[in-house]
Amino acid sequence: SAKDMKHRLGFLLQKSDSCDYSSSQGKKEKIPSNQRVSQEEVRKWAESLENLIHHDRGLAAFRAFLKSEYSEENIEFWVSCEDYKKTKSPAKLSPKARKIYDEFISVQATKEVNLDSCTREQTSHNMLEPTLSCFDEAQRKIFTLMEKDSYRRFLKSPYYLDLISPPGTSCGPENCKRSHSHTLDCNSNIISQCA
């Protein structure tokens, strides 16, 4: 139900807040509690997948949504590619590339992403001499796949709608008095959450 989803998302956001005091060497999803997400920022996430996944909280919410759909390998692959492109040491390129390839692209990959045979072949060929751009085409294909498919579902899901319209804020009577159109926005969010 919508109420359960709100509770889960609230828990997710609280959990990311409670992580800030732990080791700074932890995962990227740990976000300082002073970094609150403004409604304006959350609205920008609806403009493009790029805006969403280049924001720590947006990425965390999208990843949680993909986990609920059992398709988190796509965003994990995309994040791994982004990390790979920041590799400064040439000696680390080959082992890092091999790890990404084995985890996401090879036939026995544990988290195999959905690539067409041409892109898969091209990426396999790139593995002979890994460069910083050896996963670019595969990463672009997976980004496009997420953009056309799971991102659109994310924007209609409680994972996003609860952030754009938090309980007791956006739809409170004091906020909805400002404009009639805002009231309609509030109601449409509630309706789509209950659908």
Side-chain angles (χ1 to χ4, degrees), residues 2-3 5-20 24 26-69 71-86 113 135-136 138-195:
K3 197 171 185 179
M5 294 308 284
K6 277 186 182 179
H7 176 72
R8 281 190 217 138
L9 188 61
F11 176 74
L12 172 77
L13 292 173
Q14 283 175 350
K15 189 174 179 186
S16 67
D17 282 348
S18 66
C19 292
D20 22 304
S24 61
K27 293 182 180 174
K28 288 179 184 170
E29 275 104 58
K30 292 179 182 173
I31 299 144
S33 58
N34 61 357
Q35 187 190 335
R36 296 279 174 230
V37 186
S38 70
Q39 288 295 298
E40 186 184 334
E41 191 66 47
V42 173
R43 282 188 190 94
K44 281 184 188 169
W45 299 349
E47 291 170 13
S48 73
L49 176 58
E50 206 153 304
N51 286 353
L52 174 68
I53 60 182
H54 282 99
H55 189 283
D56 288 343
R57 285 266 169 112
L59 180 62
F62 188 53
R63 182 175 273 168
F65 169 72
L66 291 177
K67 275 188 176 170
S68 77
E69 291 201 331
S71 63
E72 69 265 28
E73 69 280 351
N74 291 329
I75 195 66
E76 286 179 20
F77 171 67
W78 186 88
V79 169
S80 295
C81 290
E82 286 296 290
D83 181 57
Y84 174 77
K85 288 190 272 191
K86 294 173 189 161
V113 291
F135 294 110
D136 284 2
Q139 185 185 20
R140 192 179 64 74
K141 290 274 170 86
I142 293 303
F143 180 89
T144 304
L145 183 75
M146 290 190 295
E147 189 175 42
K148 289 180 177 172
D149 188 33
S150 44
Y151 171 62
R152 290 178 183 175
R153 285 197 307 279
F154 169 77
L155 293 177
K156 295 174 185 171
S157 77
Y159 288 89
Y160 178 72
L161 294 175
D162 286 353
L163 289 173
I164 198 73
S165 178
T169 55
S170 296
C171 291
E174 67 285 349
N175 292 327
C176 285
K177 281 178 189 166
R178 279 181 280 169
S179 77
H180 181 66
S181 65
H182 185 74
T183 306
L184 294 174
D185 287 347
C186 290
N187 291 339
S188 64
N189 277 345
I190 292 166
I191 291 163
S192 49
Q193 283 177 25
C194 297

request  = List the steps and the verdict of side-chain contact (heavy atoms from CB on, under 4.5 Å) for Leu59 and Val79.
outcome  = CA-CA 10 Å; Leu59 180 62; Val79 169; 4.1 Å; yes

query = Between Phe77 and Glu73, is a side-chain contact (heavy atoms from CB on, under 4.5 Å) present by the stated rule, with each step listed?
reply = CA-CA 6 Å; Phe77 171 67; Glu73 69 280 351; over 6 Å; no

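- Between atom CD1 of residue Ile164 and atom CZ of residue Arg43 there is a gap of 4.5 Å, rounded to the nearest 0.5 Å.
- Note that CG of Leu145 and CZ of Arg140 are 12.0 Å apart. Values are rounded to the nearest 0.5 Å.
- Residues satisfying the side-chain contact (heavy atoms from CB on, under 4.5 Å) criterion with Leu155, sequence neighbours excluded, are Ala46, Tyr151, Tyr160.
- Smallest separation of non-hydrogen atoms from Cys81 and Phe135: SG-CB, 3.7 Å.
- Scored by the salt bridge (charged side-chain N to carboxylate O under 4.0 Å, His left out) test, Arg152 finds no partners at all (sequence neighbours excluded).
- With sequence neighbours excluded, the residues that form a side-chain contact (heavy atoms from CB on, under 4.5 Å) with Glu147 are Leu49, Phe143.
- Considering only residues two or more places apart in sequence or on other chains, Leu66 meets the side-chain contact (heavy atoms from CB on, under 4.5 Å) condition with Phe62, Ser71, Glu72, Ile75, Met146, Ser150.
- Applying the side-chain contact (heavy atoms from CB on, under 4.5 Å) test to Asp149 and every residue at least two apart in sequence or in another chain returns Arg153.
- Glu50 meets the salt bridge (charged side-chain N to carboxylate O under 4.0 Å, His left out) test with no other residue; sequence neighbours excluded.
- Distance check: Ser157 OG to Asp162 CG gives 8.5 Å after rounding to the nearest 0.5 Å.
- Of all the heavy atoms in Ile142 and Asn74, the pair that sits closest is CG2-O, 3.6 Å.
- Scored by the salt bridge (charged side-chain N to carboxylate O under 4.0 Å, His left out) test, Glu76 finds Lys111 as partners (sequence neighbours excluded).
- Summarising the geometry, atom CG belonging to Leu52 is positioned 11.5 Å from atom CD belonging to Glu47; distances are rounded to the nearest 0.5 Å.
- Under the side chain to side chain donor-acceptor pair (under 3.5 Å) criterion, Lys85 pairs with Glu82, Gln139, not counting sequence neighbours.
- To the nearest 0.5 Å, atom CH2 of residue Trp78 and atom CG of residue Asp83 are 11.0 Å apart.
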